[in-house]
Amino acid sequence: MIPATNQRPAATVLFIFGGSGDLNLRKLTPALYNLFIDKYLPEHFSVVGIGRSKYTDESFRERLLEGVNEFSRRKDGPWNEFAPSISYLQMDGGDAAAYSAISDFVEAKKQEWGESPNVLFYLAVAPQLVPGIATNLAKLELCGDKSHVRIVVEKPFGHDLKTAQELNTLLGGLFAEEQIYRIDHYLGKETVQNILALRFANSLFEPIWNRRYVEHIQITAAETVGLEGRGGYYEGSGALRDMIQNHLLQVLCMVATEAPISFDANEVRNKKVDVLNAIRRIQPDQVKDVAVRGQYGPGKVKDKEMPGYREEEGVDPNSATETFAAIKLFVDNWRWEDVPFYLRTGKSMPEKTTVITVQFKPAPSYAFPGEATGSWEANRLVISIQPAMDIRLRFQAKRPGQTLAIDPVEMVFSYKTAYDGQEPEAYETLLLDALTGDATLFMRADQVEAAWKVVTPIIEAWGHEAPTDFPNYTPGSWGPQAAMDLIEKDGFKWMTK
Ligand code: BG6
C-alpha cells in the first residue's frame, strides 16, 4: 500500500526479465514513469530491461516511449528526465554464465552512487522460464542478501495445486519467503484496497457484515474482450485458472476477512489465508451443482463481429477450455456460515465490469399497508471495482406525496466526483510496494496453495469430463443458461448494479 509518509524507497536497481515483452510495455514502464512523475522513485534508481531481442539502450527507450504514449495514464511529461535511468541488457535467461553481467551492473551502480542499492528482479516472463531464471539468479552472491534483494513473480503461479507447490518448493529453496513477491494485480487496484477501508474504517458496515444480515454475496468480473491474441496461453488455462483461482478469490478474501489487528503484511495475509481455509471443500459429486463452465461461439459484442473461441488463433478447434466460469462457495466460519458466495467471470460479455454485490436480508414489511410495498427491496451494497469506481447503497425511502409508497433509492460514492480522478494504476501501487519492501498486497506461498485447493475439485471434475455443449453462449450475453440456473435455483439473480 502507498506509504502514508510519502517516503521514497532506497536506491534500487530493478531488473525486468521479459524487458522487451508486452507486460513491460503496457504496464510496468508506464507505472514506473508515473511513479517517477509523482516523485515516488528514489533519486538513485536504475531499471534494466533484460531480453533476447536486440536493442541498444537508445532503441529500447524509444520502444518503451511508444508504450507510454499508448498505455500510460499520463502521456505528456518529463520522459527525457526519466529515460536515462533505463538501460537494456541483451541476455538469454537460460545462459547461467551471462548472469555475471547483472552483478557487474549492480557493482557499477554502487560505485557511481556511493551506496549499495537494493536489487529487485521482476520476472515478466512465460511461467516455464521462471524456474530456470530463479535458479540462475540464486547463484549470484548478491541474492544471498535477504533484506536488500527481492524477486517478483507474475501469474500464473502454477497450473494446479501440485505445480504451485513445486514452484513454491523450488523458489523457497532459492530465496527466503520474505524475498518473494507473488503478484496479483487485482490487489493493487484502488477500489480493491478500499474494501478494507470501507469495512474497517467505518463503524457502520462491520456490525451487519455477517450471516445474520447478509443474504448472499456476488462477485462478477466480466470482460467484453475475447482472447486478444493470447490463445497460446489461454488454451492451457481457462477462466477458472486465469481469473477465479487468483483475482476473484483474492477479492472474496477482502470481502470476507476478519479485521486484522494491524496492517503488518503477515497479519493481513494470515487473515486472508483463514478465509481460504474456511471455504467449504467441494466434493467431486457436488461439482455439477456448484460450478458452471461456458465457452463462447461466434457472434457480436457491441456490434463488433467476434470469432468463436474455437476459431481464435492458437485454439484447438475442439477445445474444451472454458472462457466463462461461475461457482458457488460457502465460507464455513462463525461470520459466514451458510451465506452463499457466487463468483463469475467471462470473456466476450456484454460489458466490462468488475463488481461486488452484498445483498442484505429483507426487512419485515408487515407494518406497511400492502399497496405501499409493491417495490419492496432488501438493502444492497454494490461495490464497483472497475471501470465505474463507485459504491452504491440501495435502501428504501418513502416516495414524496400524500399516499404511502416505499421505493428503493441509491446513495452513491463515486471516485470521479469525490476525488480528482487520477487514481494510481494497480501496477504503480504494487511496484512501489515491491520497491519499499511491503509485501501486504502480494501472495504468500500458503495463500497461493490455499486458493488452488479451493478450485482443485472443480479442475479435476472438469478435466475428467469433457463438456458436451461447447460453445454454449453467444458473445455479448451473460454466459450460458446454466449460470443463471446456478443462482436462480437459490432464489436470487445475478446483478451488476
Ligand atoms: C489477467 C488475465 O490476469 O487479468 C486476463 O490473465 C484478464 O485474461 C485480465 O483479461 C483482467 O484484468 P483487468 O485488470 O483488466 O480486470
Side-chain angles (χ1 to χ4, degrees), residues 18 21-28 30-31 70-73 122-128 130 152-159 164 181-195 219-252 254 293-296 301 306 309 312-315 319 321-325 343-356 383-389 415 423-431 441-443 448 451-452 455 475 479 496:
D22 235 29
L23 185 71
N24 189 21
L25 199 74
R26 286 166 179 259
K27 298 287 183 190
L28 303 182
E70 195 171 348
F71 302 110
S72 170
R73 69 185 166 95
Y122 199 117
L123 272 49
V125 293
Q128 62 273 21
V130 169
V152 181
V153 184
E154 266 288 338
K155 74 172 271 262
F157 199 89
H159 182 69
Y181 285 62
R182 298 171 194 79
I183 214 162
D184 183 317
H185 80 278
Y186 264 57
L187 293 179
K189 290 181 191 283
E190 271 299 323
T191 40
V192 173
Q193 293 179 68
N194 188 45
I195 298 169
I219 305 173
T220 292
E223 298 182 89
T224 49
V225 292
L227 267 198
E228 297 181 297
R230 295 164 74 222
Y233 152 73
Y234 199 86
E235 231 338 51
S237 172
L240 189 67
R241 289 183 167 95
D242 185 49
M243 292 291 289
I244 292 189
Q245 183 274 338
N246 37 60
H247 307 325
L248 268 63
L249 282 180
Q250 285 310 305
V251 172
L252 182 150
M254 300 291 257
R293 56 183 155 167
Q295 188 191 73
Y296 62 85
V301 177
M306 302 252 317
Y309 176 73
E312 299 259 21
E313 205 186 315
V315 172
S319 174
T321 300
E322 79 284 355
T323 58
F324 174 96
L343 276 51
R344 68 172 169 166
T345 184
K347 304 258 182 214
S348 298
M349 305 263 102
E351 56 180 287
K352 163 117 181 140
T353 181
T354 303
V355 61
I356 303 163
I383 305 170
S384 291
I385 302 296
Q386 62 182 19
M389 297 169 72
Y415 277 70
E423 302 81 22
E425 286 270 341
Y427 274 96
E428 292 173 43
T429 304
L430 295 172
L431 273 167
L441 298 176
F442 292 81
M443 312 279 289
V448 173
W452 276 116
V455 295
T496 52

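For this chain, numbers begin at 1 and follow the sequence in order. First listed ligand is number 1; within each ligand, the first listed atom is number 1.
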Asker: What residues, two or more places apart in sequence or in another chain, satisfy ring pair (Phe, Tyr, Trp, His ring centres under 6.0 Å) together with Tyr234?
Answerer: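 Residues passing ring pair (Phe, Tyr, Trp, His ring centres under 6.0 Å) with Tyr234: none at all.
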
Asker: Not counting sequence neighbours, which residues clear side chain to side chain contact (heavy atoms under 4.5 Å, CB included) with Ala124? List them please.
Answerer: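 Residues passing side chain to side chain contact (heavy atoms under 4.5 Å, CB included) with Ala124: Ile16, Leu23, Leu28, Tyr122.
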
Asker: State, with a plain yes or no, whether a side-chain heavy atom of Phe442 is found less than 4.5 Å away from one of Arg182.
Answerer: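 Not touching, per the 4.5 Å side-chain cut-off.
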
Asker: Considering residues at least two apart in sequence or located in another chain, which fulfil the side chain to side chain donor-acceptor pair (under 3.5 Å) criterion with Ser319?
Answerer: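 For Ser319, the residues satisfying side chain to side chain donor-acceptor pair (under 3.5 Å) (neighbours in sequence not counted) are Glu235, Thr321.
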
Asker: Quick check: do Pro387 and Lys352 have side-chain heavy atoms less than 4.5 Å from each other?
Answerer: yes

Asker: Could you go through ligand 1 and list every pair where one of its N or O atoms sits under 3.5 Å from a protein N or O, giving the atom names and the distance to one decimal?
Answerer:
| unit_1 | atom_1 | unit_2 | atom_2 | d |
| --- | --- | --- | --- | --- |
| ligand 1 | 3 (O) | Lys155 | NZ | 2.9 |
| ligand 1 | 3 (O) | His247 | NE2 | 2.7 |
| ligand 1 | 6 (O) | Lys155 | NZ | 2.9 |
| ligand 1 | 6 (O) | Arg230 | NH2 | 2.8 |
| ligand 1 | 6 (O) | Asp242 | OD1 | 2.6 |
| ligand 1 | 6 (O) | Asp242 | OD2 | 3.4 |
| ligand 1 | 8 (O) | Arg230 | NH1 | 2.8 |
| ligand 1 | 8 (O) | Asp242 | OD2 | 2.6 |
| ligand 1 | 8 (O) | Lys347 | NZ | 2.7 |
| ligand 1 | 10 (O) | Glu223 | OE1 | 2.5 |
| ligand 1 | 10 (O) | Glu223 | OE2 | 3.2 |
| ligand 1 | 10 (O) | Lys347 | NZ | 3.1 |
| ligand 1 | 12 (O) | His185 | NE2 | 3.2 |
| ligand 1 | 14 (O) | His185 | NE2 | 2.8 |
| ligand 1 | 14 (O) | Lys189 | NZ | 2.6 |
| ligand 1 | 15 (O) | Lys352 | NZ | 2.8 |
| ligand 1 | 16 (O) | Tyr186 | OH | 2.5 |
| ligand 1 | 16 (O) | Lys352 | NZ | 3.3 |
| ligand 1 | 16 (O) | Gln386 | NE2 | 2.7 |

Asker: Is the shortest heavy-atom distance from the side chain of Met389 to the side chain of Ile383 under 4.5 Å?
Answerer: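 A side-chain contact under 4.5 Å is absent here.
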
